[in-house]
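Have a look at the structure below before the remarks.
Basis for what follows: all heavy atoms, side chains included, without hydrogens, waters or symmetry-related copies. One-based numbering along the sequence shown.
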Amino acid sequence: MENNNNSDKDTENEEDQVAVARPWLTVFLLPALVVGALALLIWGVIVTTGIAQAGGTITLLFFDRNGTALTPSQVRLLSNNSGAGYNSDFLLNPTNMRAISSGPLYTSGSNLAFNIPSQAVSLAFNWPTLPNGFSLVILDNGGVGFSAGGTYNFTYQAARDTKKKLDAALAARPDYVTSAKFNTAYQAASTQLASVDAYSPESAKGKAGQLALDNLAVAYDVLLAEYGPVFAAKNKATLPPWLGFTVDTVSNYQVNLDLAASLAAPYGWIRVVFDAGQGPSTYTNLVNYAKTKGLKVLGQPVDSTYDKGYTRAQYKQRFIDFITAFPQIDAWEVGNEVNGSWLSSEIGVKIADAAAEVKARAPGKFTVLTLFWQINTDSLANSMFTWVNTNLPAATRANIDVVTFSQYQEQAPMGVVFDQVMKTMRAEFPTQKIGLGELGYWIPGQQFWWAYNQTDTTAAKRAVAAQYYNAALAYPGSIGGVFWWTYITDFKSDTALQQVVSKLRDTLQASGSTPTPTATPTPTATATPTPTPTATATPKPSPTPTASPTPTPTATPSPTPTATPSPTPTPTPILGGNVFSGNWAAVASIPTQATYQDFYQTVPVTAGSQYTASVWVKGAGSLELQVWGDSSWTKKLASAKVSAGSTWTKVTTPVFKVGSRSRIYLSFDTAYSSTAGTMYLDEVFVGTSGGTNRVSNPGFEGGNTSWNNDAPAIFSIKNAP
């Protein structure tokens, strides 16, 4: 997740330079002296203003909901959630939402501004509303974008642009019966905007705009959440809705599937994550039991986290193995979060291979592709609709039946832009079904922005579920989906969360006849299997913060030379002991529930290198071995599930690139539930295979040195444990 793709910016600047007006024909008619003066003037403009100003400059004025002017630094802090997030400004094509440039905003006097390239653009920027939390706001000048310079009041223009989109959404749904909640919010927004005009003081316009934007966010949510179930119920005969949950462990599978069926049948779907290293036999009883409960099954052979661990041939073979083993599975996810920058460069052809195998080996079964919701959180190339345009040719699209995207509001806000995203999805994929392929809220390591409730994350999680299970159904061609990522931990004891889905199911059933599931007959489920190791929760990656350009270049400090540790010979395990080599080992007393606490150290590395990380383990339980690229733990470079058994076992991560970094962060994390036990760890390694070990005190022979520990009750270093 370290690709910031600055080459795209360079290309755009070259295009902009070509686009600068050159009135040479007029010049030829002037005297030579005037020609020279005019040429110097044109050259001065180019040098002074920069070639990126082909279309002019947009200056933005910012005010809070009290009408107080905001400085550029205050605007950044507000947009970044007081520094929890990061700069989120991107320029987009206003028609198709493809990214054009990242970090365009710069300080201009006491304001922020951006330069218009040689095409119309809209500005994408994260912005808070009350009480709904952060939205991605698209400032697009009424939908046509900005093609000429000017000064705009940000919140006032954002409210006007958003209201125009909301009015279009209303007009597209003439059968929507507005509720009191919608009417109250909509009327409040309309009143606020009507209280000012173009001649009002900018402070008054900014205040009215922010207050209107608050109410528009509420009204937009209400419209889509109320209309979705009604629309889906009317069209369920031709487009059966999917009410989905993600299942990422075989532990207690009968209880988990019983709950899913009770909440969502006859529209229930489960998405089964087949963990890396696990074969089809691990999941046989789970899949069979799901079919006996009337649940449809979406199989996911490769989660995005593990894509780089498979070559193209291995990726294809894994699909062949699972398709062959499970003819009863109803749909196959041929790629997960495929535009994430942590995936391999071959993911486009891997998708094509997998989709072709499904069509050939499982005719009639759905092929599903999941994108990753990010317009303005990563590089230009990985921005969702930009990636789609570049990496999904017609031949690949022809083999894909359903296109969805994963959505985590705390790492990439959605809010008022949801309607525009779904309509853009439909335009991009007019012959496929669309929907949400993955949803969750407040996932550890991703908590940058808040939605719906700033102080009560449980209430916010319920609100996120209630909004998007319903709103995803409000579009022609949408199957809904959702497939809540942390279903097992979130739903099992939260009756309010359960009622979000059961109430939606009841609304769907209340209108006309319900579809009869066409489950393939399967054998009666046997006793709960006990696979080794047990498949457990797969961590989701976090986005890569995109740095905004700084007006004044800052000199890059020279890296401090770091002593290179001497190579460490491969040790021989002590048979029957709890120490792999020497006299010391680390001990992890792993709790029953995931606590996301860590035992870690900073590891010096050589820029441009490719490494792996590994550890020898014995005992019981599971941890996650993580490699992070930054001290805030938002850039995961690699990870591996560490499961211990009765004999010493070596666990190794996939190869990862360190890029330009001089240090990385190695961690053992209590990331899994239902995997309690006492684990012994020894001989931790980071480096090239057979090369120098970069880890300090890798065998713990130095006692409590070099390692950091934020959970002493869980992790310890012991002599002869």
Could you verify whether a donor N or O on one side chain and an acceptor N or O on the other, from Tyr186 and Lys163, lie under 3.5 Å apart?
-> yes
Hey, does the side chain of Asn141 reach the backbone of Phe146 with a donor-acceptor pair shorter than 3.5 angstrom?
-> no
Begin with the C-alpha distance, continue with both residues' side-chain angles, and end with the deciding distance and a verdict on ring-ring contact (aromatic ring centres under 6.0 Å, His included) for Tyr86 and Trp449.
-> CA-CA 10 Å; Tyr86 41 83; Trp449 288 276; 5.2 Å; yes
Output yes when a side-chain donor or acceptor of Thr386 lies under 3.5 Å from a complementary backbone atom of Asn382, and no otherwise.
-> no
Would you find a donor on one side and an acceptor on the other, under 3.5 Å apart, between the side chain of Glu337 and the backbone of Phe372?
-> no
Should the pair Asp490-Arg462 be classified as a salt bridge under the 4.0 Å nitrogen-to-oxygen rule?
-> no
Apply side chain to side chain contact (heavy atoms under 4.5 Å, CB included) to the pair Phe405 and Met422, showing each step before the final yes or no.
-> CA-CA 10 Å; Phe405 58 89; Met422 290 296 284; 3.7 Å; yes
Under 3.5 Å, is there a donor-acceptor pair between the Glu202 and Tyr156 side chains?
-> no
Is a donor on one side and an acceptor on the other found under 3.5 Å between the side chain of Gln467 and the backbone of Asp221?
-> yes
Going by an N to O cut-off under 4.0 Å, is there a salt bridge joining Lys461 and Asp494?
-> no
Arg397 and Glu428 ion-paired at < 4.0 Å | yes
Proximity of Phe62 and Trp127 rings by center, below 6.0 Å = yes
Side chain of Ser383, backbone of Leu380: donor and acceptor closer than 3.5 Å?
-> no
Chi angles and distances behind the ring-ring contact (aromatic ring centres under 6.0 Å, His included) call for Phe418, Tyr468 | CA-CA 9 Å; Phe418 183 75; Tyr468 293 107; 5.1 Å; yes
